[in-house]
Each structure stands twice: as C-alpha cells, then as structure tokens.
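Whatever order the structure lists ligands and atoms in, that order sets their numbers, starting from 1.
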Amino acid sequence: ALADSAPSGTELSGEALDLLHEGAQALGVSLSPAQLKQFVTLYGLLRQGATQMNLTALHSERDVVLKHFVDSLGALQATLWKEPERSSLQVLDLGTGAGFPALPLAISCPALKMTAMDATQKKVAFVERTAEALGLTVRGLSGRAEDLGQDPIHRGRYDVVVTRAVASLPVLAELALPLLKEGGWLIAQKGQLEDAEVAQGERAISLLGGELHPIQRSHLPFLGDARALVQVHKVAPTPAKYPRRPGIPNKRPLG
Ligand code: SAM
C-alpha cells in the first residue's frame, strides 16, 4: 500500500519543495536556493539508492521531506549550536543509516566537519557517494560504536555526537559519551520518550561522565508527530571500561 503513494519519479515536486522550505523555516532554519537544490539532488539519489539497496523505508514524497529532511534539521534546535565557534566543530552521526541526520545537517551547515558512521559498510558507502555528488565533505566511517569508542583514534575526539532513531537513551549514552571530548555534547533525536527511559538514561549518563540537560519536546512541522531532543553535556572523562563489548550495551543497558 505504501508503494502506491510513492511517486515513481526521482524529482521532488514544487509542492514538496515548498513544504521543505516552510518546514525548515518553522524550525528556524532558512535554506538558500542552492541548499534547496542540494535537497532535490539528495531526494533523487535516495530514491535510486532505496530501490537498489533497500536503504531505508521511503514512503510518500511528503514523508521523505518531513520525516527525513525536516526532522533531521530538528537537531539544530539544540542550544549548543548557539555557541560562537560552532562552525568548525567535529560532528559524528552515530548510526547514520542512509545519512540522517548527517546529510541534511551538512547541507544546512557546510562548515561542520561531519563524519557519518554506521555498522553497515554498504550504508556508509552510499552516504559517501551521495555526499560527494552533493559537493559536501562528509567523511564516512564504518564500524560499531562499541569498537570505535575503545579506539584511540576515535575515543574522546568529537565535539558533538548526533544520533537519530538508533537506541534507547541508556544505550546511546554508553555508545556516544566515550567518543566525545570533555565539554562535548550528545544530541539525540527521539520520538516518543517515556519517563522511565529518561530516568534510566540519566543514571547511565552520570556513570559515563555526562550531565543530562532539560529535554526539549516539540512536534514535527505539518505532521505533528511528537519529538524529543535530548542534550547531554560531557563534564567528566568516561571510565575506561565503557563502552563494553559489541552488543552488551543493548543486552544489559546501564542505569
Ligand atoms: N539515523 C538513521 C535515520 O534516522 O534514518 C538510521 C536509523 S536506523 C533505525 C539505525 C542505524 O543504526 C542502522 O543503520 C544501524 O546499522 C545503526 N547502528 C545500530 N547500532 C549501532 C552500533 N552499535 N554502532 C554503529 N551503528 C549502529
């Protein structure tokens, strides 16, 4: 049934472009004509990639624009971006999938030093190719966060970790906090977020050297779906034993 609502072409309609422009604006992001054009290109490449490699469940054009493009820009509502030296920040997208939120963030803030990371090499390769076609410098990194977090090349190296739809808060804390510099931020984009997950997440976060900031709750423009933006400040080093071995954070979440 979903395939019925998906347009067969890879061109974004004028209507969808208006939706993107207005949706971004509702989040306080103004996209230039050149940036809108990059989103049009991204849409075409996603459509091609989705059918070839089953990258992501792409539904209607409207869903792609709102649930992938506009939703990803929601990460920019975090308070950390208001700091003056935000442009040269090293940002890691943990579990980027087909490039979300990495690619929309790189389009709207081209000065960010963006790394798109995923456990699946095929997805990382897609994101690298797509970024190149868009003229963006996005570095691809394939591997599991549990391994990268214990690798001196990556541990403690990033100013910001962004992540969308990857794991529960206690798991994300263990995967992301080791990768951050002290003073860095984890920005996690979540849908529904229950109090129990927040409470367990908060205990895990403090074990790992983080401090949970007030959660910003909002709704996705035009669709109204609930969104929660979780912001965690890394205020102390993460104990060396974290992250634990691949799969353990999920199997036995901290907190
Ligand atoms: N962030 C993208 C989005 O919002 O469309 C993709 C979300 S998808 C549901 C979750 C992604 O996280 C998958 O591509 C998966 O391979 C990746 N992932 C899950 N656990 C991971 C881990 N421990 N290390 C690296 N990637 C992981």
- Item | E128 (side chain) donor-acceptor with R139 (main chain) under 3.5 angstrom | no

- Message: Does ligand 1 come near enough to G95 that some N or O of the ligand is less than 3.5 Å from an N or O of the residue?
- Response: yes

- Task: May I ask you to identify, for T96, whether its side chain, its backbone, both or neither come under 4.0 Å of ligand 1 on a heavy-atom basis?
- Result: backbone

- Task: Examine ligand 1 and decide if any of its atoms is less than 4.0 Å from a heavy atom belonging to P249.
- Result: no

- Message: Applying side chain to side chain donor-acceptor pair (under 3.5 Å), can you list everything that pairs with T79, at least two apart in sequence or on another chain?
- Response: Q231

- For ligand 1, which atoms, with element, lie under 4.0 Å from some heavy atom of K123? 13 (C), 14 (O)

- Query: Can you list the ligand 1 atoms lying under 4.0 Å from a non-hydrogen atom of F100?
  - Reply: 1 (N), 2 (C), 3 (C), 4 (O), 5 (O)

- If the plane angle is over 60° it's perpendicular, under 30° parallel, otherwise tilted; pick one for F100 and H68. tilted

- Taking the side chain as every heavy atom from C-beta outward, state whether E174 and L208 have any pair of such atoms under 4.5 Å apart. yes

- Query: Counting each atom of ligand 1 from 1 as listed, which ones have a heavy atom of R144 under 4.0 Å away?
  - Reply: 23 (N), 24 (N), 25 (C)

- Message: Is there a polar contact, in the sense of an N or O pair closer than 3.5 Å, between H68 and ligand 1?
- Response: no

- Message: Would A145 count as being in polar contact with ligand 1, using the rule that some N or O on each side must be under 3.5 angstrom apart?
- Response: yes

- Taking atom 7 (C) of ligand 1 as the point of reference, which of G97, G99, A167, A165 owns the nearest heavy atom? A165

- Query: Which atoms of ligand 1 sit under 4.0 Å from any heavy atom of T120?
  - Reply: 16 (O)

- Does the side chain of W81 reach to within under 4.5 Å of the side chain of L89, using non-hydrogen atoms? yes

- Message: Tell me if a side-chain donor or acceptor on E146 pairs with a main-chain N or O of I248 at a distance below 3.5 Å.
- Response: no

- Using atom types as modelled and distance alone, determine if a side-chain donor or acceptor of Q150 lies under 3.5 Å from a backbone N or O of P243. yes

- Name all residues meeting the ring-ring contact (aromatic ring centres under 6.0 Å, His included) criterion together with F39; count only those two or more places apart in sequence or in a different chain, and write none if there are none. F69

- Message: Between ligand 1 and D118, is the shortest N or O to N or O distance under 3.5 Å?
- Response: yes

- ligand 1 contacted by M117 (non-hydrogen, < 4.0 Å): yes

